[in-house]
Amino acid sequence: MLRSVSVIGIGETRMGKLTSKSIRMLIKEAGNKAIEDAGIEKERIQALYMGNYNASYWSIQSHIGALASETLEIGHIPTIRTEGACATGSLAFRQGLNAIAAGIYDVVLIGGVEKMTHKPIETITTGLASAADFEYEVNLGSTFPSLFAMIANRYFYEYGDVRKEMAMAAVQNHDNALLNSNAQMHKKITIDQVFNGFPVAHPLTVYDCSLVTDGAAFVVLAATEVAEKIAKKRVVEVIGTGHAGDSLTLAGKKSITTLEATVKAANEAYKMAGITAKDIGFAEVHDCFTITQIINTEDLGFFEKGRGAKALAEGKTALDGQIPINTSGGLKAKGHPIGATGLSQINEVVTQIRGEAGARQIKNANIGLNHNLGGTAATCVVNVFKGR
Amino acid sequence: MNKKATIYTYSIIYTASEDFKDQTPYVIAIVEDKDSRVLSRIEGYEENKEIHIGMEVELFKTDESGNPIYKFIN
Amino acid sequence: MRLKDKVCLVTGGGNGIGRAAAVKFAQEGARVVVIDLNDNAIDETVNSIVENGGEALGFMVDITKKEQIAEMVKVIMEKYNRIDVLVNNAGIIMDAQLKNMTDDQFDKVIDVNLKGTYLCTKAVVDIMINQNYGVILNTSSIVGIYGNFGQTNYAATKFGVIGFTKTWAKELGRKGIRTNAVCPGFIATSIIDPMPERVIKAMEDKVPMKRLGKPEEIANVYAFLASDEASYVNGAVIEVSGGIVI
């Protein structure tokens, strides 16, 4: 990176079915939290990078960048909205990061927001499907979950049946979410309940799928040399970042059990940080579905290909495990407000590194990672964070 | 694409979008023919029908958009 | 904030009276555990509590299954290390006149309403004894006092729950645990949705107050009984029915 960049402020709303909160209110709440957390005057913010997936469809509202800067009263600064399906939040983060690294700005605000729960399920399903290929996948009857269901079935074929471990991932994420007051789900579930849940697309039941969520999450980024002077709390440096792409269609991918975009983005981030996967202490990974969590931990290099399920079953990714995964509860239990998810993951990573995670605090949290996928891994962003 | 192809992976859809909800449960699959793969629907699914990766299916028709639709071989 | 920090379990907390009780308890500062069979209903109750700044957690548990109850209690104790209040509100109806009732209808209602209440209470009683503190609130019904046409099974369970209440009041009173029963009358919950207008009107006419009760009005009584304001109320059976006699 040209210039080192650090996180100096974080803030997010509770995630869930927030009927009484509009997009504006979500932005106002999370944005102001982050700015206050950073301890800076609003005048210091030089640009705003917003991530939002589908307000254009679900709320007939585009141009979220301008909406956010007006709502937050941060002045008539440059704004932009990014979109990359479920990787949207991390993409917004990366845009802001790149701008500071290149020396264009010193301090930027980055936010993600999504409002989804106010629409009927058919409208949500249709909106979600546009993260896949409409012409070659959705038009033929694919639903977004069915694409990952196909990934699961192929994974079983290549590496063995991991249905039980997928259910364990859901149970583990729900357990973690019990300790996260911002999580959508505060509900204990069991493996049997996952197996017997409402079938969505074989082998996935409703409990294998992440949630429909409203929420917003913001981050304040600053050049590290500036951060050291102005930050109120422990500065968390972005020591590595990676961004990779792959085909939009599932059929167009070389392999659907090794998600190449993850592998590439992770390698780019690790190389930049001068580390290997072994150095990562904990991670927020993109568990849009339970099978994805298992695959992600392999593609990120935490476990060998085909061994992610066993590692999970052995407790290696639990809160007290060797590499805690999704301590926030993940997309499965904390929630998945699409445009905000990547930034919510970053909120969790920073909270852990600062030692502010309360009941779900990991010991010695110092190097953490967030991993964000878009579509069936057509886009991937990986960021590595380290406490200073 | 030849008339026959094999199943590379599949799923049975129980929860569908508005346009397809009258057809559930139905099978969606990525079918493979030599080295090329394409996503398609496989018609002729009945509950508890045995499906496995590697199974042969055959081209049935193309839809209005020109996408190939396959069916199970009986 | 009469229930500040009290860990309160509400079975059947997914809707109707159970949900109203869960929400009311949360408003009074309680840490609420919502127990139900219906997943979405649990989420909605938990969500409506958390949205208003309260604390709640949900479990999908079949109260006729001892192991599920035990597993749940284990998790609650790991998190909170105490259980202060148990509201045995979960219940079902399967109405038929005696001459038409099937054994299955009989057994199912007994299993959930009577045995389920027994199993849940048994699962927490030792914890409450150790604490020298606890409140057990049993949902009976006016049917548990007057009986009702077509409710052989339901009436037996609602009379039975009063039996539990008076017995547990005697056994547990000295252990710092109070047990009481609440008998709701005709309450406007989703159970009456399928009933025709004229039937509802007839029900309302029978009530001296000339209206159905609201779930919140039952919840208010639960909240009082759960709190220390009811510190000397033990073994009581309280009708909340607008004065109706059926």
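In this text the structure is predicted, and so the values were computed from the model without any measurement. Below, chain A is the first sequence line, B the second, and so on; all start at residue 1.
- Both the backbone and the side chain of B:Tyr14 come within less than 4.5 Å of a heavy atom of chain A.
- B:Thr9 contributes no side-chain N or O that, together with a main-chain N or O of A:Asn153, makes up a donor-acceptor pair within less than 3.5 Å.
- Considering only heavy-atom pairs separated by less than 4.5 Å from chain B, the leading option among A:Thr123, A:Ile151, A:Leu204, A:Ile256 is A:Ile256.
- Residue contact with chain B, scored on non-hydrogen atoms closer than 4.5 Å, involves the side chain of A:Phe198 exclusively.
- Distance check: B:Ile53 CD1 to A:Glu158 CD gives 7.5 Å after rounding to the nearest 0.5 Å.
- The CD1 atom of B:Ile30 sits 4.5 Å away from atom CE of A:Met150, with the distance rounded to the nearest 0.5 Å.
- Heavy-atom neighbours of A:Tyr136 OH from other residues, nucleotides or ligands within 6.0 Å: at or below the threshold of 12.
- Proximity to chain A (any heavy atom under 4.5 Å) is shown, for B:Tyr8, by both the backbone and the side chain.
- If you measure heavy-atom distances from A:Val138 to chain B, the contacts under 4.5 Å come from the backbone alone.
- Proximity to chain A is limited to the side chain of B:Asp63, based on heavy atoms less than 4.5 angstrom apart.
- Surrounding NZ of A:Lys310 are at most 12 heavy atoms belonging to other residues, nucleotides or ligands under 6.0 Å away.
- Of the possible donor and acceptor atoms, one in the side chain of B:Thr15 sits under 3.5 Å from a partner among the backbone N and O of A:Pro199.
- Neither the backbone nor the side chain of A:Ile121 comes within less than 4.5 Å of any heavy atom in chain B.
- To the nearest 0.5 angstrom, A:His202 atom NE2 is 12.5 Å from B:Ile13 atom CD1.
- A:Gly141 approaches B:Ile28 most closely through the heavy-atom pair C-CD1, 3.8 Å.
- Distance check: A:Ser146 OG to B:Tyr10 OH gives 13.5 Å after rounding to the nearest 0.5 Å.
- Around NZ of A:Lys164, the count of heavy atoms belonging to other residues, nucleotides or ligands within 6.0 Å does not exceed 12.
- B:Arg37 contributes a side-chain N or O that, together with a main-chain N or O of A:Lys253, makes up a donor-acceptor pair within less than 3.5 Å.
- Ranking A:Val206, A:Leu147, A:Thr143, A:Thr125 against chain B, the residue ahead of the rest is A:Thr143, based on heavy-atom pairs under 4.5 Å.
- There is no contact between A:Thr126 and chain B, counting heavy-atom distances below 4.5 Å.
- Taking CD of A:Glu122 as the start and OG of B:Ser17 as the end, the distance is 9.5 Å to the nearest 0.5 Å.
- Comparing A:Asn139, A:Leu140, A:Asp133 by heavy-atom pairs within less than 4.5 Å of chain B, the highest count is held by A:Leu140.
- The number of heavy atoms from other shown groups lying within 6.0 Å of CZ (A:Arg307) does not exceed 12.
- Taking the side chain as every heavy atom from C-beta outward, B:Leu39 and A:Thr249 never approach each other to under 4.5 Å.
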